[in-house]
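Being a predicted model, the structure only gives us computed values, none of them experimental. Below, chains carry the letters A, B, ... as their sequence lines are ordered, and counting in each starts from 1.
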2 protein chains.
Amino acid sequence: MRLPSIRQLQYLQAVVSLRHFAQAAERCHVTQSTLSTGIQELEGLLGAQLLERSKRKVLPTPLGLAMADKAEQLLSLAAQMVEEAQQDRPLLSGPLRLGVIPTIGPFLLPQVLPSVRERFPQLELYLVEAESAVLLKKLEEGDLDCAIFALPYELGRMESQVFASETFWVALPKGHRLASGGPIAPAQLVDDELLLLEEGHCLRDHALSACHRRDLQQKAAFQGTSLYTLIEMVAGGQGITFLPNMAVNSALMQHKDIELRPLAEAGPHRELALVWRKEYYRKVDLEALTACLSELLENGV
Amino acid sequence: MRLPSIRQLQYLQAVVSLRHFAQAAERCHVTQSTLSTGIQELEGLLGAQLLERSKRKVLPTPLGLAMADKAEQLLSLAAQMVEEAQQDRPLLSGPLRLGVIPTIGPFLLPQVLPSVRERFPQLELYLVEAESAVLLKKLEEGDLDCAIFALPYELGRMESQVFASETFWVALPKGHRLASGGPIAPAQLVDDELLLLEEGHCLRDHALSACHRRDLQQKAAFQGTSLYTLIEMVAGGQGITFLPNMAVNSALMQHKDIELRPLAEAGPHRELALVWRKEYYRKVDLEALTACLSELLENGV
DNA sequence: TCTCATTAATCGATTTTTCCTATTAATTAT
DNA sequence: ATAATTAATAGGAAAAATCGATTAATGAGA
């Protein structure tokens, strides 16, 4: 079905409300001739007469009136569209779907979200906690706007912005031979059972990388489902593990049967980054968010 | 404010629903290139991004989704317009504003309207009774669709169609010298006081014309406001008058103190016609109406 | 890792549409 | 009668929409 054009509807609306071709043309910023042919085309398209014309009067037919009415609705809808689109939203307002990996979420978010919410009160955050691979998939599918990852991680076509660095700590059972003293070098731990999160957590790879080990086929019983369970296993004397800075500082990680020592290995051991599709339509917002996070973490929140 | 075009909205609707430029282009019967630039123009117009594009995926932004939604509404409204306009109404259906002069209305309408309504059950008649000049004005202003006049009458730019002819009868008080016998010639009435309707009624002119008299400045007290009052005046012996056929046949005009004789004057004395603007948009309906009236009157209803 | 296929964007040319100027025909007002 | 007003029309110019071909990015498969 061939539809009338917006222009034609504007012509109709004008001529029905003014009852005068020349005046209507002026309102539409076209010549009388243009408007005249426009109306004729509309009538042809609709297959019905919309106006009675004489040299002295322009008289809408009942159908013309009805059509003008609908045209008005339609035009106002179109105008609404433009208005709605053109009002530029303030930075970081409206819905934002943010993914976080489980080894960051519980430690970072309680720390920073109150300030973020205070700074951007119109922001509506929808949080999703999942492993990196899942988040990456959701990002690609458009189910998330952005996500917080721990790097290094293969991000594919995503863009990212690092907003914090972390070093690792060694978590030892109380009474371990290295339990007191200064930083611990990876070489000192070769004889210890290294407890890791189950497959899929990037922290597993980062930890291995920090102590220059290859991946080891651990028994499922020795794989933690979360840092909390891992800590319990360390406290139980089943081995040692590495914890990121952020977890160490968290009150949730305090445990009376655990000793913590810095890992003596140069450079940051993982970096926290905000990640998004490179086609994402509001990168400025995300850049503002990373700036905000970075600032909050530098100032110790 | 510059508005988006219908075409652009179709493009948006298609690409958002299909998530694919080439397929959307096919649905819109244009090339991918055309659709692509169309969407870009729309985005430029709205000043906002509607889609995230990558080579593997087309992802509407929240605004894009909202706009596509509105676009759909708008397009369906436009389609509705076309549909509504294109369904052709049956003959003589819907509202019709019909004017009638007072010397016809009360006699003709009760006679014909039942049959008309029966024949065109979807017709919604709005009746206006007024003198010819008033009806003509209303016709010109578009306040009426058509009107029933008695001719001759100067109709200006109107078109008309005669559907009946009438001869006049002479109404005499009982006991008048001409009260019995055959038809009466105008010359026989020169000595009688001729009673007429007040200024404005065309019957006044038609009556004068029928007896070849010039207009006479009658005293207001001798001018009737309706045929009923005129008849009462005749019955009271104040003079004579002329009545059209139709009124004579009407039961309303029976009066014991009146005698009626045909006027012996060649040809019809007035003609009944349906009148409309020559620009009127549904002349076929009116032609059907005159045909119907004409037929009804010929067959004696 | 290297093609090959797919996809949206881009460019230049062409067609289509839109629009304007000038004029006409009908009508009204003076 | 004469001038002014009005909507329609014709012809040409300007603007736009569209197409075909190409490009660059990406993903799939060998």
Ignoring backbone atoms, test whether Arg157(B) places a side-chain nitrogen or oxygen under 4.0 Å from the OP1 or OP2 oxygen of dT28(C). yes

Measuring to OP1 and OP2 of dA8(C), would you say a side-chain N or O of Ser36(B) lies under 4.0 angstrom away? no

Residue Gln32(A), side-chain atoms from C-beta onward, closest of dT27(C), dA8(C), dA8(D): dA8(D)

Quick check on DNA chain C: between Ser54(A) and Ala22(B), whose nearest nucleotide comes earlier from the 5' end? Ala22(B)

Give the nucleotide from the list dA26(C), dG20(D), dT9(D) with an atom nearest to the side chain of Lys55(A). dA26(C)

Looking only at dA8(C), dC19(C), dA7(D), the nucleotide nearest the Thr34(A) side chain is dC19(C)

Arg56(A) atom CZ: more than 12 heavy-atom contacts under 6.0 Å: yes

When you measure from the side chain of Arg97(B) to the backbone of Tyr126(B), do you find a donor-acceptor pair of N or O atoms at a distance under 3.5 Å? no

Quick one: Gln49(B) CD to dA9(C) C1', roughly how many Å, whole number? 14 Å

Atom pair CG (Leu272(A)) and CD1 (Ile101(A)), whose distance is rounded to the nearest 0.5 Å: 7.5 Å

Hey, does the side chain of Tyr11(A) come within less than 4.0 Å of dC19(C)'s phosphate (OP1/OP2), counting only N and O? yes

So Glu41(A), base contact, sugar-phosphate only, or nothing? Heavy-atom distance under 4.0 Å. sugar-phosphate

Where the side chain of Val30(B) is concerned, which of dA7(D), dT18(D), dG20(D) is the nearest nucleotide? dT18(D)

Consider the side chain of Thr31(B), meaning its heavy atoms from C-beta on, and name the nucleotide among dC19(D), dA7(D), dT10(C) that approaches it most closely. dC19(D)

Under 4.0 Å from OP1 or OP2 of dG27(D): is there any side-chain N or O of Arg56(B) that close? yes

Assign each of Ser33(B) and Gln8(A) the nucleotide of DNA chain C bearing its closest heavy atom; nearer the 5' end lies the nucleotide of Ser33(B)

Would you indicate, yes or no, if dT10(C) has its OP1 or OP2 atom less than 4.0 angstrom from a side-chain nitrogen or oxygen of Gln40(B)? yes

